[in-house]
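Take a look at the structure below.
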Number of protein chains: 2
Amino acid sequence: MDAMLDTEGKETSATHGAYRRLRAMILTGELPPGQKLKIEQLRGLLDTGASPVREALSLLTSDMLVERIDQRGFRAAPVSKCNFEEILLLRCNLEETALRASIANADSAWEDRLVLRHYHMKKAGQKGAHDFEDAHKAFHMALLDNARLPLLLRYCSQLYDLNIRYRYLAAGVSSYKKRDINAEHQEILDAALDRDAEGAKRHLLDHYRRTGEYLSSQMES
Amino acid sequence: MDAMLDTEGKETSATHGAYRRLRAMILTGELPPGQKLKIEQLRGLLDTGASPVREALSLLTSDMLVERIDQRGFRAAPVSKCNFEEILLLRCNLEETALRASIANADSAWEDRLVLRHYHMKKAGQKGAHDFEDAHKAFHMALLDNARLPLLLRYCSQLYDLNIRYRYLAAGVSSYKKRDINAEHQEILDAALDRDAEGAKRHLLDHYRRTGEYLSSQMES
DNA sequence: ATGTCAAATAATATCGATATTTTGAGGAGA
DNA sequence: TCTCCTCAAAATATCGATATTATTTGACAT
């Protein structure tokens, strides 16, 4: 009998809502690396109870976006060049494995999915849409998810998120899009559709390493 | 002024205590795969409040030992041959990377650590000590931790735990120790001390694959 | 006899409050 | 003047209770 105030009604549970919002704030840098995350402060910011905030922070700990310190609460995960380079290294390693397995399982349903994801990403990119990030991730995950290796996919997804956090922190998404990544994505897509594992892997890793060099160069802080 | 009842006093926080105990119960199979984990039931079992139990389950979700279902609570992660094989695959991939990086950074301090861990493991194994598992994991992690890649190490540790869960579920620890793993460990250690990356990797992966075949054969259920 | 709907039951998710721990400041002693 | 101890203030961790949500039971209609 609480008057059904949730007219927006998007979130199923307060915990999940807090999780998504905090996650977005950390990924975009709105909550800067290393910042102390006080329950009370966040409780006010998200206007919800302390329990959902606390549980959301716990969940973010698994994603390595939040660190828990002894009995002293939580803080946003710190960043470092070392950490960034490790993320890049692991992504190259794991995504190569996943991509090869995906291509090994290739079928026409997967090809259809790839083409669609790529199309949606291009469309979102042209409109400068807010959901380009989501479409971009969906395309990259679609490249990998035909491997049918859920643990591996989970790790790739985690590392992907950690990486775009660095992209946001370095310069925001705009400068990233200045480079012609359309051509790079097209190359990856074409190779995957040709079931050319070696070529797809090369294009994909080049794609990541190029972004990596760009970000690394901006990170002399 | 609560009379200082915690004479055992090992646990720093109720949450962490609940986490460790639940983790152990899931790894050993005391809480079988797929079982519904009701808060009330666990609250009684660990005699603590509902909040620590809830938070511990959240943390275990990150370790992929517990699954969260919609708004219907938690359950112990299910097992399958597929899942086991994926764990084995990822371990081989990730541990090879970590081991090579560890050896590339080799120094005498690391060698000392390795020798000590190996000695402790052997000692615990001879006595049939309860803490053989801990020593075994410590040795394997010591092989990898000189890579100084914390994310990678974390993944390896997670996968290690998921793997010993299958070992417990298949037969308990006893039958595993029947095989002569001492020789295998010695080969790995010697190759690592020789800074022979290729040999160490071969012995390590053989070690895992042999265990994997043994467990796979027992898993026609 | 069976399928469907509704009420009862059980479990979860959330809230408000308390107790414990940590942090910081200020004062006493060296 | 510096160090260490004590006390106050703030934040966290935990508990008990409530409201919300799912599940089951049972009755009724088909």
Side-chain angles (χ1 to χ4, degrees), chain A residues 1-23 25-26 31-32 34-62 65-78, chain B residues 1-23 25-26 31-32 34-62 65-78:
Chain A
M1 311 293 188
D2 201 65
M4 286 283 177
L5 294 174
D6 51 311
T7 51
E8 51 237 343
K10 338 193 221 178
E11 303 302 352
T12 70
S13 76
T15 295
H16 198 240
Y19 171 75
R20 299 219 321 180
R21 294 185 57 189
L22 285 175
R23 178 196 186 82
M25 286 198 281
I26 293 172
L31 290 173
Q35 171 154 326
K36 185 82 197 297
L37 301 175
K38 302 184 190 176
I39 307 268
E40 271 306 306
Q41 159 198 336
L42 298 176
R43 201 201 65 73
L45 199 64
L46 306 175
D47 86 307
T48 180
S51 303
V53 171
R54 195 178 172 71
E55 191 156 341
L57 289 172
S58 266
L59 293 173
L60 288 165
T61 297
S62 358
L65 290 170
V66 164
E67 282 187 356
R68 160 168 236 164
I69 26 188
D70 310 320
Q71 258 113 351
R72 256 162 289 176
F74 304 86
R75 73 171 164 209
Chain B
M1 312 294 190
D2 200 66
M4 285 282 178
L5 293 173
D6 52 312
T7 51
E8 50 238 340
K10 338 194 218 176
E11 303 302 350
T12 71
S13 77
T15 295
H16 198 242
Y19 171 74
R20 301 220 320 182
R21 293 185 57 191
L22 284 176
R23 178 194 186 80
M25 286 198 281
I26 293 172
L31 290 173
Q35 168 153 329
K36 186 81 197 299
L37 301 175
K38 302 184 190 175
I39 307 268
E40 271 306 306
Q41 160 197 338
L42 297 175
R43 201 202 63 74
L45 200 64
L46 306 174
D47 88 303
T48 179
S51 304
V53 170
R54 195 177 172 71
E55 192 157 341
L57 289 173
S58 266
L59 293 173
L60 288 166
T61 297
S62 0
L65 290 169
V66 164
E67 282 186 357
R68 159 168 238 167
I69 27 187
D70 311 319
Q71 259 112 353
R72 256 163 288 175
F74 303 86
R75 74 172 162 207

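Proteins get letters first, then strands, A, B, ... in listed order; numbering begins at 1 in each.
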Closest approach of [X] to [Y] (non-hydrogen atoms, all atoms of both residues):
| X | Y | value |
| --- | --- | --- |
| B/A50 | B/I39 | CB-CG2, 4.0 Å |
| B/L31 | B/A76 | O-CB, 4.4 Å |
| B/S62 | A/S62 | CB-CB, 2.7 Å |

Round to the nearest Å and state the distance from [X] atom [atom1] to [N] atom [atom2].
| X | N | atom1 | atom2 | result |
| --- | --- | --- | --- | --- |
| B/K36 | C/dA11 | NZ | P | 8 Å |
| B/E40 | D/dA22 | CD | P | 19 Å |
| A/L37 | D/dA11 | CG | C1' | 13 Å |
| B/L42 | C/dA11 | CG | P | 12 Å |
| B/K38 | D/dT23 | NZ | P | 12 Å |

Distance (rounded to the nearest 0.5 Å) between A/L57 CG and A/I26 CD1: 7.5 Å
Nearest-0.5 Å distance, CZ of residue A/F74 to NZ of residue A/K36: 10.0 Å
Give each protein N/O atom lying under 3.5 Å from an N/O atom of nucleotides 13-17 of chain C, with the pair distance.
unit_1, atom_1, unit_2, atom_2, d
C/dA13, OP2, B/R54, NH1, 2.5
C/dA13, OP2, B/R54, NH2, 2.8
C/dA13, O5', B/R54, NH2, 3.2
C/dT14, OP1, A/A14, N, 2.5
C/dT14, OP1, A/T15, N, 3.3
C/dT14, OP2, A/T15, OG1, 2.4
C/dC15, OP2, A/G49, N, 2.9
C/dC15, N4, A/S51, OG, 3.4

Pairwise side-chain hydrogen bond (donor to acceptor under 3.5 Å, both in side chains) hits with a residue in residues 43-55 of chain B, at least two apart: A/R54-B/E55, A/E55-B/R54, A/S58-B/E55, A/R68-B/E55
